[in-house]
Number of protein chains: 2
Amino acid sequence: MHRLLSKLPPLKALIAFEAVMRLGTVTAAAKELTSTQPAVSQQLKSLEGNLSTLLFIRRGRNLQPTAAALEFYAQVTPLLEKMAGYAEQLRADQQEGRRVNIVANCGLAHFWLLPMLERIKQDLPQLVINVTLSDGVDSEFENALLLGFGQLQHPLKRTLFVERVCAICSVEFSQLHGLSRNSAVQEIVNQPLIHMDTSDSRWLNWQHWFANNDLPYPEQKNVVLLGNYHSVISNLQQSKGLALGWLCLMQDLLQDKQLVQVSGSIVSREEYGYFIKSSNAPSSGEALVYQYLVDAAAQKVEYA
Amino acid sequence: MHRLLSKLPPLKALIAFEAVMRLGTVTAAAKELTSTQPAVSQQLKSLEGNLSTLLFIRRGRNLQPTAAALEFYAQVTPLLEKMAGYAEQLRADQQEGRRVNIVANCGLAHFWLLPMLERIKQDLPQLVINVTLSDGVDSEFENALLLGFGQLQHPLKRTLFVERVCAICSVEFSQLHGLSRNSAVQEIVNQPLIHMDTSDSRWLNWQHWFANNDLPYPEQKNVVLLGNYHSVISNLQQSKGLALGWLCLMQDLLQDKQLVQVSGSIVSREEYGYFIKSSNAPSSGEALVYQYLVDAAAQKVEYA
DNA sequence: TCTATGCATAAGTTTTTCTTATAGTTTTCA
DNA sequence: TGAAAACTATAAGAAAAACTTATGCATAGA
């Protein structure tokens, strides 16, 4: 353990050493580093102590580097420069908005953002886009674009998709049970239902759906609560029952006839849905991606 | 200016970052670094601030590195490891006494040590020997073998050569003026004399020589004071006059008949001469060189 | 739902680093 | 030769940085 800590000399001392080697005197180095001569002198001493190696022969007024110092200088300077270069690169990327972080709700990411990601990267090649999946988040992120789900009435949030859900199942399941878009809502009462674990109660669930259709909530046995929407769809495709489908996310699958809408009932809440929210200090790149996603969502809605 | 300082992130933070990336959690990193979780957490924060780049997406309990973090980790870790490696190498060299610093009087170095240096390196190939020339030094050096000139009565000093000087000149000059080893000391009185600037008064000079031979010190006009012994010999070889020759240093040149001793007078002071002195904490390598030089000096004396 | 694990933040303390002042050495200049 | 200037090392008090303890909050697992 302590793989590096115990072996690395103090960086400040290295910087002081580099400057002294390059400029020849402690005083000049101190000037460049906007520090004082004793400070640099002590740094050198501490470096010599750390390396337990004499780096300079002190002859009263001037210093003469030892062979060890010359060697170490030649080794370490390029490393410091590279390191500074990498750090600068990162800062520049950030400064110029080339690096964009997106924190996205899992379902939205899986069924909407990720399929589109390659295209986004092609369309905005100057950006480095980083997507992190995260459910149950609508808090502040300091440096990331947030794609979340929840209440839409918020000055900083912009709506991507209003919440609209319907009952869906696989083609196979629909054929087996004679279900279709024209089925009456009553037919759904006795079907096995697939549930998502919506412990945070932000989401519409089957209870809402039945209440909205003036039907009694059927008693459920052996309820399976799935942790994320991806699992729900996975179970759905295995024809294990009916699930609630968020229209905006399922649109492609419905159009491709991979899934089937059951009954014409669409339950929606205008004040809930998927939203996009800028970081506190959006970069130019973030602004680009923001607009790109807003546009993409608007286009998708048109099909609905 | 500020070529590196302003661009480099704090090293401590880099070490914390490296450990967190490698181990996955702040707590584990803190444990490895024998620090505390909040300390590491703050380091990460400071690094993010320094790079003005988000490195981790915090999701309550765990951290997820951003693309920037992964990239930076891949760039920086090898640099840190190399740096640690170089530092370790230096420490190991020192530890095992592979690195020896010699601070040597200019004259002694030029006429005795340096001609022998290649041979020393061949004979002690495991050592890295670093010679620094320095006149007028008999003070303490923390980490270097000192070859100096001065008083010999000192518990830590060991005599290399007792001070013995004679008058010398070039072969050409001796032939022009009919001088030889058999010449009487009186013949020297009217010859042009070459002087070394011995402002520190440790050295025998022409005044001493004349006094020692019971001769009046001849009035000098256009006295040229040369700063180092090398210049003196250079002038001597240009047949500009007579100079005082330190026997131990001139021995090779006298044997090769490049220079000629004039008169048989040899002035010596038993309590002065060239000495060798160990550093405060001599390494094994230093001890080897010490003995090597003592032996070499002893051998040389035999010819005298 | 309760507990364990893990991160962030705040506040006070400790450690490190820096600055000011001083002394010593060497070079330069008169 | 001697005084001034340039440069470094060291000591001690001051400033800054880092760390630790305590606490709150969020998530994961039972």
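This one's a predicted model, so the numbers in the text were calculated from it and none came from an experiment. Naming convention: chains lettered A, B, ... in sequence-line order (proteins, then strands); numbering from 1 in each chain.
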Protein and nucleotides 3-6 of chain D: nitrogen or oxygen contacts under 3.5 angstrom:
none

- Item | Atom pair distance, as rounded to whole Å: NZ in B:K45 and C1' in C:dA8 | 7 Å
- Task: Measure the distance from CG on B:L5 to P on C:dT17 and round it to the nearest whole Å.
- Result: 14 Å
- Find the bend of the helix from C:dT1-D:dA30 to C:dA30-D:dT1 as the angle between its two terminal axes (five pairs each), to the nearest 10°. 30°
- Task: Specify whether B:Y274 and B:F149 have parallel, tilted or perpendicular ring planes, treating 30° as the upper limit for parallel and 60° as the lower limit for perpendicular.
- Result: perpendicular
- Are B:E81 and A:K7 close enough for a salt bridge, meaning some N to O gap below 4.0 Å? no
Side-chain donor-acceptor pairs of residues 82-89 of chain A under 3.5 Å, sequence neighbours excluded:
residue	atom	partner	partner atom	Å
A:E88	OE2	A:R91	NE	3.1
A:E88	OE2	A:R91	NH2	3.4
A:Q89	NE2	A:D93	OD1	3.0

- May I have the distance from A:I57 (atom CD1) to C:dT26 (atom P), rounded to whole angstrom? 14 Å
- Any A:S41 side-chain nitrogen or oxygen under 4.0 Å from OP1 or OP2 of D:dT10: no
- Message: Is there a side-chain contact between A:F56 and A:T66 in this structure, where contact means two heavy atoms from C-beta onward sitting under 4.5 Å apart?
- Response: no
- Item | A:Q95, CD: over 12 other non-hydrogen atoms inside 6.0 angstrom | no
- Task: Measure the distance from CG on B:L11 to C1' on C:dT17 and round it to the nearest whole Å.
- Result: 15 Å
- Does A:L23 reach the side chain of A:E32, with side-chain heavy atoms less than 4.5 Å apart? yes
- Query: Roughly, in whole Å, what's the span from CG in A:L47 to C1' in C:dT17?
  - Reply: 15 Å
- Note on the structure: In this structure, CZ of B:R158 is separated from NZ of B:K277 (nearest 0.5 Å) by 15.0 Å
- Task: Would you kindly give the CZ-to-P distance between B:F56 and D:dT27, to the nearest whole Å?
- Result: 19 Å
Give every pair of a protein N or O atom and an N or O atom of nucleotides 18-24 of chain D that lie under 3.5 Å apart, one pair per line with the distance.
residue	atom	partner	partner atom	Å
D:dC19	OP2	B:Q43	NE2	2.6
D:dT20	OP2	B:S35	OG	3.3
D:dT20	OP2	B:T36	N	3.3
D:dT20	OP2	B:T36	OG1	2.9
D:dT20	O4	B:Q42	NE2	3.0

- Query: Rounded to the nearest Å, what distance is computed from the CZ atom of residue B:R58 to the P atom of nucleotide D:dA28?
  - Reply: 17 Å
- Message: Can you classify the ring geometry of A:F17 versus A:F72 as parallel (below 30°), tilted (30 to 60°) or perpendicular (above 60°)?
- Response: tilted
- Message: Nearest whole Å is fine: how far is D:dC7 P from A:K31 NZ?
- Response: 9 Å
- Is the shortest distance from a Lys or Arg side-chain nitrogen in A:E48 or A:R58 to a carboxylate oxygen in the other one below 4.0 Å? yes
- With sequence neighbours left out, which residue pairs that include part of residues 143-152 of chain A fulfil the salt bridge (charged side-chain N to carboxylate O under 4.0 Å, His left out) condition? none
- Task: Quick one: list whatever passes salt bridge (charged side-chain N to carboxylate O under 4.0 Å, His left out) with A:E286, sequence neighbours left out.
- Result: none
